[in-house]
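Here is the structure we will look at, set down as structure tokens.
Numbered from 1 within each chain, the chains take letters A, B, ... in sequence-line order.
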There are 2 protein chains.
Amino acid sequence: MKRIAESTVRRLSIYLSFLEEIGARGVLTTSSDDLARLGGTTSAQVRKDLSFFGSFGKRGLGYSVPELSAHLREILGLGRKWNVCIVGAGKIGGALARYAGFAERGFNITGMYDSDPHKLGKMYSGVAVQDIVHLERDIKSGKYQIAILTVPPENAQNIVDILVGAGIKAILSFAPLQLTTPPDVTLRTVNMAMELEGLTFALTKRSSDQQY
Amino acid sequence: MKRIAESTVRRLSIYLSFLEEIGARGVLTTSSDDLARLGGTTSAQVRKDLSFFGSFGKRGLGYSVPELSAHLREILGLGRKWNVCIVGAGKIGGALARYAGFAERGFNITGMYDSDPHKLGKMYSGVAVQDIVHLERDIKSGKYQIAILTVPPENAQNIVDILVGAGIKAILSFAPLQLTTPPDVTLRTVNMAMELEGLTFALTKRSSDQQY
DNA sequence: AGGGGCTTGTGAATTTGTTCACAAACTTAG
DNA sequence: CTAAGTTTGTGAACAAATTCACAAGCCCCT
Ligand SMILES: NC(=O)c1ccc[n+]([C@@H]2O[C@H](COP(=O)([O-])OP(=O)(O)OC[C@H]3O[C@@H](n4cnc5c(N)ncnc54)[C@H](O)[C@@H]3O)[C@@H](O)[C@H]2O)c1
Ligand SMILES: NC(=O)c1ccc[n+]([C@@H]2O[C@H](COP(=O)([O-])OP(=O)(O)OC[C@H]3O[C@@H](n4cnc5c(N)ncnc54)[C@H](O)[C@@H]3O)[C@@H](O)[C@H]2O)c1
């Protein structure tokens, strides 16, 4: 199968959430034009994105909302539930653990780990914080497919190595540094300071620009 | 000035954090090769990224760490402090308000707003939650240059409209939906569910691929 | 002072991603 | 059943981003 651009995958996510929104409102069909308008792109882009995976529409008519939703869910790997653990039961880890939005999309937070004895046993939405020493065992036993990493930056690579060594293949990190994983492990990093820097770059550039 | 790609700006942030790290360890010079290795890119890419803004290195020698750091800070608009408000004093808003990493990078959270009477007056790292009705007034008075949006998705566009109407030019949203702003307002959205979907796409694709 | 050894800065080549434009395929109306 | 009206799916054209490749510049050594 051809390599799919990350930008395409992001857009598929956007299309899907839009489809689910209008699907919930009872809309039955939609068009590449509609999807484009709400996804901030063009109808050609929508059709090209979808064309990598098959042909899901009816010419002259558009797309069936429930059908296309189902296809996109399947493509994105949302046709099943995923068990996710959170490593680092601090401020951001705690907020994520209590966030209901993940479960809605099939991501179940079924484990939390921390190294601080004061955090052990603490409950977050029905999940107790366990000692970090059990993380490796639990991953090896296949309890989780995805790990969310919310430990301080100085410990992040160490935990990544443990996760990778125990066989995890997907990690979402919030630590603001560049982590390394082998090529068969997918790592995504959410770096909020970097997002803010994108904003200040734009603010600064704008005011120094002569013409817009 | 030529248009700079978002990917370039992201990489500049990465270079900067690496420079600050090695700078703190006392390293005085570095090379495009070093920056590439730690930023997960190539040396040619590093040089090309920098070349959009000037020429900061010495041939045969590399870059002065403090000099290049200063240039990048300037380019990214970090040569000053920024005042940031958080709208929505919930789980994620609270975690962000208490996060020390922003202040380190020159982003001061100097205001928080919420519509829930129970949240009003609550303190987060020395900042009291104010009533949302005061948001517009405070932005108009120039108190903030950046707003972080952490309200439920159904209220997010409404708050964006208030922010934009009051004159804000940069917004970082955590609400998982597509928001619209006029072209002179920069909006970035952090969508964590979408990041997880990027992971499940990779997990699903990998296992269905015949060859890697 | 000159030569060897590095590393930058940058056009040119290549690759990747987006947009165009239109035939094909479907619906609906008559 | 045919014609008019839509909207898809997709090669081809275009644009953007990345990588290549090398001259230019600098340091250091002799
Ligand atoms: N809080 C935020 O809003 C925010 C924003 C952006 C980035 N981040 C990043 O997210 C990460 C967590 O931030 P936070 O604010 O939640 O910090 P925090 O200090 O509140 O939480 C970190 C948690 O990790 C635990 N921990 C430390 N080392 C560990 C280890 N080796 N194994 C297991 N657990 C360990 C600590 O006991 C603590 O509970 C940091 O990398 C931070 O830079 C946080
Ligand atoms: N918690 C997470 O980890 C997480 C993860 C991903 C995305 N998000 C998104 O971030 C946003 C906030 O999530 P949360 O978990 O913190 O929710 P939350 O319910 O804990 O907090 C939302 C806060 O916004 C306030 N609010 C609601 N309407 C408002 C308005 N009109 N004006 C001002 N304040 C208002 C509420 O009173 C509440 O305090 C949501 O859009 C959510 O989807 C959260």
Side-chain angles (χ1 to χ4, degrees), chain A residues 1-15 18-19 22 27-72 75 178 198 201-202 205, chain B residues 1-16 18-19 22 27-72 75 198 201-202 205:
Chain A
M1 193 199 239
K2 206 155 150 280
R3 203 185 152 287
I4 304 297
E6 191 177 303
S7 52
T8 296
V9 179
R10 298 190 103 82
R11 283 191 299 266
L12 294 179
S13 283
I14 294 174
Y15 305 153
F18 170 57
L19 284 167
I22 63 171
V27 177
L28 290 178
T29 60
T30 187
S31 65
S32 56
D33 225 25
D34 289 348
L35 287 167
R37 202 138 357 90
L38 283 113
T41 179
T42 65
S43 62
Q45 180 75 79
V46 172
R47 296 197 299 276
K48 182 65 92 179
D49 286 339
L50 296 175
S51 77
F52 294 129
F53 302 96
S55 98
F56 308 116
K58 279 212 177 62
R59 295 174 189 220
L61 193 62
Y63 302 91
S64 146
V65 171
E67 253 180 50
L68 186 56
S69 298
H71 279 299
L72 286 181
I75 291 166
Q178 205 70 12
F201 175 78
K205 185 153 178 306
Chain B
M1 192 198 241
K2 207 157 149 276
R3 209 190 96 60
I4 304 297
E6 189 178 304
S7 52
T8 295
V9 179
R10 299 190 103 82
R11 283 191 300 268
L12 294 179
S13 285
I14 293 175
Y15 306 152
L16 176 57
F18 170 57
L19 285 167
I22 63 171
V27 177
L28 289 179
T29 60
T30 188
S31 66
S32 57
D33 224 25
D34 289 349
L35 287 168
R37 200 134 3 85
L38 283 114
T41 178
T42 66
S43 63
Q45 180 76 79
V46 172
R47 295 197 298 276
K48 182 67 89 181
D49 286 339
L50 296 175
S51 77
F52 294 130
F53 303 96
S55 97
F56 309 116
K58 278 210 179 64
R59 295 174 189 220
L61 193 63
Y63 302 91
S64 147
V65 171
E67 252 179 50
L68 186 56
S69 298
H71 279 299
L72 287 181
I75 290 166
F201 174 77
K205 185 154 177 305

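- Per the geometry, CG belonging to A:D34 stands 9 Å off P belonging to D:dT7, to the nearest Å.
- Applying the 4.0 Å criterion to OP1 and OP2 of D:dT7, one finds that A:S31 has every side-chain N and O outside that range.
- Between the CG atom of B:D49 and the P atom of D:dT19 there is a distance of 10 Å, given to the nearest Å.
- Rounded to whole angstrom, the span from the NZ atom of B:K48 across to the P atom of C:dA13 amounts to 13 Å.
- Distances were taken from every side-chain heavy atom of B:S7 (C-beta onward) to each of D:dT18, C:dT18, C:dT7; the shortest belongs to D:dT18.
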Subject >> Worked check of side chain to side chain contact (heavy atoms under 4.5 Å, CB included) between B:V46 and B:R11 >> reply: CA-CA 8 Å; B:V46 172; B:R11 283 191 300 268; over 6 Å; no
**OP:** Any chance you could list the contact pattern along nucleotides 24-30 of chain C? Use B for base contacts, S for sugar-phosphate-only contacts and - for none, protein heavy atoms under 4.0 Å, 5' to 3'.
**Re:** BBB----
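- Rounded to whole Å, the distance from CG on A:L12 to P on C:dT18 is 12 Å.
- For the OP1/OP2 pair of D:dG9 and a distance below 4.0 Å, the side-chain nitrogens and oxygens of A:R47 include no atom meeting the criterion.
- Looking at B:L16 and B:I75, their side chains never come closer than 4.5 Å, going by heavy atoms from C-beta outward.
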**OP:** Give the intermediate values and the outcome of side chain to side chain donor-acceptor pair (under 3.5 Å) for residues B:D34 and B:Y63.
**Re:** CA-CA 10 Å; B:D34 289 349; B:Y63 302 91; over 6 Å; no
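- Proximity of B:Y63 to the phosphate of C:dG9: a side-chain N or O atom is located under 4.0 Å from OP1 or OP2.
- Among all heavy-atom pairs drawn from B:R47 and B:S32, the shortest one is NH1-OG, 3.1 Å.
- Between C:dG9, D:dG11, C:dG17, one nucleotide has an atom nearer to the side chain of B:S55 than all others, and that is C:dG9.
- The side chain of A:S51 contributes no N or O atom lying less than 4.0 Å from OP1 or OP2 of D:dG9.
- When the C1' atom of D:dT8 is taken as reference, atom CG of A:L35 falls 12 Å away, rounded to whole Å.
- Toward the 5' end of DNA chain D, the nearer of the two residues B:A5 and A:G62, judged by each one's closest nucleotide, is A:G62.
- Comparing B:S32 and A:R11 along DNA chain C, the residue whose closest nucleotide (by nearest heavy atom) sits nearer the 5' end is B:S32.
- No side-chain heavy atom of B:D49 sits under 4.5 Å from any side-chain heavy atom of B:I4.
- Rounded to an integer number of Å, the gap from CG of A:L68 to P of D:dT8 is 10 Å.
- Taking atom CZ of residue B:F52 and atom P of nucleotide D:dA16, one finds them 12 Å apart after rounding to whole Å.
- Side-chain contact between B:L68 and B:L35: present, with at least one pair of heavy atoms (C-beta onward) separated by less than 4.5 Å.
- For B:D33 and D:dT19, the CG to P distance is 14 Å, given to the nearest whole Å.
- Atom CD of residue B:E6 and atom OG1 of residue B:T8 lie 10.0 Å apart, to the nearest 0.5 angstrom.
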